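What follows is a short report on a single structure.
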Amino acid sequence: MTHLLLLAPVVVPALGAVIYALAGWRRATAWVSAASAALVLATAIATSAAVVNDDPHTVLAGLLRVDALSAFMLVVIGAIAFLATAATPDHLRTEIIAGRASSRTAARHCLLVQLFLAAMALAVLAANLGMLWVAVEATTIVTAFLVGQRRTRPAVEAAWKYVVICSAGIALALLGTFLLNYASQHTAPGAGLNWAELAASAHTLDPGVTRIAVVLLIVGFGTKAGLAPLHAWLPDAHSQAPAPVSALMSGVLLSVAFYAILRVKVIADAALGTGFARTLLVVIALASLALSASLLLAQRDYKRMLAYSSIEHMGLLALGAAVGGRLAIAAVLLHILGHGLAKSVLFLGSGHILQITGTSRIDQVRGLAARQPVLAGCFGLGVLALIGLPPFSLFASELGIARAGFTAGLGWAMAAALVLVLVIAAALVTHTSRMVLGAAPDGPGAATASPRMNVIAGAALVVGLLACAAIGVTTGPLHPLLSLAADLLAGTP
Amino acid sequence: MNLVHAGLGAAVAVGVLSALLALITPRRLRLVPVGVGTVLVGAFGVLAGAVAVAGQAYSVEIPALLPLFGVSFAVDALSGLFLVVTGGVAIAVAVYGIGYARHGLDGRGVQAVLPLFVLAMLLVPAAASVGTFLVCWELMALTSLVLVLAEHQQRDTVAVAGRWYAVMTHLGMVAILIGLLVLVAHSADDSFPALRAAATNLSPVVANVVFVLTLVGFTSKAGILPLHAWLPRAHPEAPSHVSALMSAAMVNLGIYGIARVGFDLLGGGPRWWWLLVLVLGALSAVYGILQAAMSSDLKRLLGNSTTENMGLVLVGVGAAGLFASAGDDVLAGVALSAALLHVINHAAFKTLLFLSAGSVLHATGSRDLDALGGLRAGMPVTTWGFGLGALAASALPPGTAFVSEWLLLQALIHGLPASGAATAIVMPVAVAAVALTAGLAVATFVKAFGVGFLARPRSSAAANATESPVSMLAGMGLAAVACVTLALVPSVVLPAVGSASTMTLGTAQPAVSGQVTLQLNGVAGALSPLLLTVALLVVSVVLVGAVRLIAARRARRTARLWDCGAGPLSPRMEYTATSFAEPLQRVFDDVVQPEQDIDVTHHQESSYLVQAVEYRQRVPDRLERRLYEPVLRLITAWGSVARRLATGSVHRYLGYGFYTVCGLLILLVVIR
Amino acid sequence: MSHDLYVQLLDLACGVLLLTAVLVLWRRELAVIIRVFALQGLALAALVAVLAAHEGSIELGAVAVGILVLRAGVLPALLRRALAAAGEERRETRPLVNVASSLLAAAVLTLLGYAVSQPLVALAPSPATQAVAVGMTVVLIGFFVLVTRRRALSQLVGFLLMDNGITAVGFLTTSGVGLVVELGVSLDVLLAVLVLQILTTRMRATFGDTDLDELRELHD
Amino acid sequence: MNALGVIGGVLQFVLVVAGSPFLVGVMRQVRARLEGRAGAGIGQPWRDLRKLLRKESITPRGTSEVFRIAPLVLVATTVVVAIVAPFVTTASAVDSVADLFAVVALLALGTVALALAGLDTGTAFGGMGASREMTIIALVEPTLLVSIFALSVRVGSTNLGAIVTSTLQDPARVISPVSLLAAVALVVVIIAETGRLPVDNPSTHLELTMVHEAMILEYAGRDLGLVEWASAMRLTAFLGLLANLFVPWGIATAATPVALLAGVAAFVIKVVLLGVLLSAGEVFLAKLRLFRVPELLAGSFLLSLLAVTASFFLAQPH
């Protein structure tokens, strides 16, 4: 049973990919991806229940392992994948009608998305650092063609930058992995790169080697998580990828990479004391926040705007991870989920806006609320969720991170971060309000009444926001999982 | 059974239910249930607050809500007072809203958010932990933002106002957040009792940081200088009943925050805190009323007047803190009572004024005083309502603000025992500021009422204005009743004010007491607004009788206005609001620095013959020029410079990483 | 194998590794660069083979063969195919940092690689770990190539240089990280190169050029 | 509310209501004599009032109740002040109204009523008068408040009776810098508030300069009579306040007939003396340009502010 439960999140999407490879894109297969995502979500929930009631499980000769943290990440993947894949058929259909895609591209899109899901599930289920690295690099490879799907100049350019920068960054992580392996072989032979054993024996690791390894790992996985300094692929890739893929990348992929950093930090803290990784992460986090703030101020493209906002939120996560401790880690995990939901809603929404208006420039979208009230409402509320307003869960998680930071003596960093977040909020609100508010513009574009939004696509937006708000009100059943995962990372039983 | 619990619980339940109801009911059937629901929310809030003020203590914790923090509420006398004020305003506004929202404001979103906004405002003073407080505070910001934006499709200025509001409210929030979290970092947990306990052995530096930061946040919410810029934008652009809620209820919570953090959580503080508060208050009072005096937009005028009144309240709060830090509990009590009483009074008359302004807007579609006038004929009830509110706002007897400003001056006048060098300088200035504010307020509201409602209509919209529907009048009526009651028998709220201020300051007995006559306890001072009014009435009646008796019993005769023999007078010959304010503006030329624009068009035949002269004048907010524009310019420059960070060059992007990695490695080598 | 011979062979392989990395920086002809890269693959395979012989591990020997096939055979072949499709652009004409400065930078990077490797050597001094500095240097030089070379193909080579360096470090420090992981890593690298090669083709189709610095449609 | 207060209230009411036209008469007469005219005699204002009160009132078309009620409000506020302020006796008929703030605000209320009436007519003159009057009062009211405030700081009360009593007990205060500064400020604002030269000329109707007269341009008959009467009473009340705040001697502190008689006499003498001084001064003054008036008022506001500051600084217990 456990075997099945653990393998399902990887195997189900892989099977989905096989179906698309064989059957292609047709009416019957349109909903396969959503169904597979739903299955992933279901198994994730079942796994969580199992993990909460029981100890961590290991399968496949110790290659896969699930503990509270992996289970939580699986839930995140499942939930956001479900949202994104539910909106996919409508998106692809519209693209096909508009002549921007063919049924072949659609089939390939679905296939790659399924592989993407499998790779992400594998990443969080991996029992050791090496497997994790393989899975994370696999996500890059799989998504490269999704980013470049449209084959336009910007799309190809984005795909190139994405692959080159991410591969370079992730290569650093590989070097770090090897070095960590080296250190662990010398102090605790046999531990290898296994998370559980590494964490248990981390205090014996050689600090000299571990320091280098940790720096490389954090910078390397930070690349994939969209953290400075190797963040630059993110706005390009997220703005060029099709909306559901952007949603998945921004909502989950970044967090999956960040998950690796969380794991590494546990080892770094045990081996080097809390100061080392904390300093590094604080610097990276503030750099990411500053960068995001700087580039959001004069932003002209709403998809890039959302992408930079993702950098911001990854910066906040890094800050939370730097703080450490139960509260901060729980907040970080909650933030991962909340940000994933809100950001995927926003990217899906931006996809609709792009399809309706044909432009991704902020100054060419006007009076959205007058034309598409539901879409505009979701987009506006989503942005408000991003800037951390209740009832959305990002409020609670940002507050948690901030509180933990002040309590941990990182007051100055926290205050600087909050000021940057304020600047970012101002920029986001300003840009969004220009798009959403105001009377419907008169002009050639406005005369053609925009089509009503597809019910399911609209429902995905609303459900995403509602979920984000719901976990902001109460985490309910997620609570034990969250606290268990936080205990796991914070090092307290 | 705990009535506070029942009241708050019922308010939450009814509020959420009304919001849901608004979402599912069809447009035609929506307004009445939502209105009734909002009235009930307000009523339950009043109930809970009143019971709390009467002395019933209440606290509850709900750990399941708000992840990572849990929610806890506690209502004491101070909270209770603000609950009553908010609830009371909400009742009048909700009744009014039923009629007002009929035209364009009956959308699902706006109607669903209205009860939630009221609810959020009720929960803010009830919050008893930092997490709860902040979540309620932000919910209030979010809901009010949605309401401010309600009419964004009608006017472009709404979006601008919304942006200002959203950004500045977030700025305030960040300041409060940092301030409170610094405090939390020094305490066991984030509940208010824990903070109180921690504050006793807090280092002065930390306490200063906490106070100053929270002060920044709370003053921005209260529309106090220099973070006031959103207020005269957002309050006018919001639908009028929302303006009333914001101006009469929401801004008060800024005052509540200062009192809660400064007095309660931090337990008072050094003298300079309160001097700062007092000075900010005095500056805001004068600046606010000056801007109001220059304004010819009716709702902007009212918004600026909110800044003024909150300034006056802060003068009271600051004086209270000053006296408390000097150990003079009696005077501190008087000052705080004055401040709290003014909060209540301001809520009453500002509600009435905004609702009346909304009624005018509803009937004429304009809030430009220069285009109004003569409304007394078509809208008698609204005219009476606004007149009553204007009387109250100009601090003349028998108006409400008169009583609280009297109390405020009483506190200041007795400030001598607490005198130090700083006090001796600040007190006279504060007195002068309050006095100047009173004088300018008179001029401002004479302008608003006289130009807007009396005289002859200046536009056809004003000429054809008809009275608003009954529900709107009923809402105004409720506010008017509150105004009259507070003006004549302020003693009805004295116990509440007394228990709130004694609780906040930890003093033994209330500073002000009395039924007919307000009597200060411990220092000399008495005033009876009721007797004053009765005296006025008696004299008037006697006078009418006497005039009848001695004067000729000839009937009044109607006649033409004197038109200098030049034919009938047209509205264009009337004084407008702008021209009315012109002499005052000349007086304060150096402060307000108006911008003038004169275009002279000449006849084609000769440049000596003038065809037309166009004159435009604007009174900009000078503070904005000096303070906000440089910051905005700086941020814009930052944004455009920063774009060079993302030029699109993949080499550059990779370079960022390469140099960072090399740098980090070198660092690792160097600091082993 | 005697210890001396082992050390000499090891050093020889490492020397070739470093030399080829520097040569990649030096030469502008893309065809030459690919050939040099193939040589480096050979050196890497030799290095692993020497280690295998030293430890007498058959498994490691098999890995060496695998590396030989992948890095001296398949990857250079892929690159050559890409080059053949590239048509005119066979030279790295104007690197962002000129060759002389690049070589100087390589010297500095070598020093850095050496300095960084010291803690690694200190942990378990042995001929193999002492050679780690070379692997580190190759990684850094590879990254440098990535940052400074304009042609898509040069960037590809840079990426692969990094990868070679990392693999060298991996084998010099420990005898690998487990078969599954290694297979996965190799597969990933192969796929990444494939993806990049396809993208190169697409870029040429859409842009008509592979000067990456001209790729600036996406910016703020 | 004690016997002294009630008696004083009645006496003051009678004195102010009946005497104020005579005060105006005296002032006009003094001025006429100084200008070399014979003058109409001190009873002339009474005769004017009688004439006006017999005439019918006129309601201009387009005006509302505000226009009709304003004279009543004006008179009522003034009468209330006349009753409660400490003119003849230190005790007040309604002590809890005899407050500095209340008295100033009541007087302002009367002005506001008139200004609203001026606006209500909708004529250019009405608006102009109201605008100017409100500009003046916006500066006068704070000055009044602050200058009397300066006097009350040392007393620790804003009750006018208490201030007067305190000055009686400690005569040295009269010549303190606080009193002098406040007195000068008060004189200036009383001139402005009662519309005397150089702020306003009560005897002309020159369109460009008039303030008070512009507002009441539409009044006729009984209404005009009331307004004129109220103006006279306001003048009396202001002069009475000025007199008793700085030179309170003679005011009745006990309800004995002698004291009351002395109080009445002292009040009459003081007010008439001040009135004569005022009108004598006016002979030598030209009217100020309208936009120079604020400078004058701002100056007096500053003086009163200095007075308050001085009272805070100087009142430290020695």
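Just so it is clear, the model here is predicted, and its values are computed rather than measured. Lettering follows sequence order; numbering is per chain, from 1.
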Mind checking which of residues 135-147 of chain C sit less than 4.5 Å from chain B, heavy atom to heavy atom? C/Leu140, C/Phe143, C/Phe144, C/Leu146, C/Val147
Flag, side chain of C/Ser102 to backbone of C/Asn98, donor-acceptor distance under 3.5 Å: yes
Under 4.5 Å heavy-atom distance to chain C, tell me which part of B/Leu668 shows up: side chain, backbone, both or neither. neither
Under a 4.5 Å heavy-atom criterion, the part of residues 637-648 of chain B in contact with chain C comprises B/Arg643, B/Ala646, B/Thr647, B/Gly648
Going by heavy atoms in the side chains, are [X] and [Y] under 4.5 Å from each other?
X: B/Tyr628; Y: B/Arg633; answer: no
X: C/Val99; Y: C/Arg27; answer: no
X: B/Met246; Y: B/Val251; answer: no
X: B/Leu171; Y: B/Val167; answer: no
X: B/Leu181; Y: B/Leu177; answer: yes
X: C/Leu51; Y: C/Leu10; answer: yes

Chain B contact via C/Gln118 - which portion, at a heavy-atom distance below 4.5 Å: side chain
Between C/Ala124 and C/Thr129, the two heavy atoms sitting closest are O-OG1, 2.8 Å
Please tell me whether B/His235 and B/Ser247 have a donor and an acceptor in their side chains that are separated by less than 3.5 angstrom. yes
When the ring planes of B/Phe218 and B/Phe133 are compared, do they come out parallel, tilted or perpendicular, using 30° and 60° as the limits? perpendicular
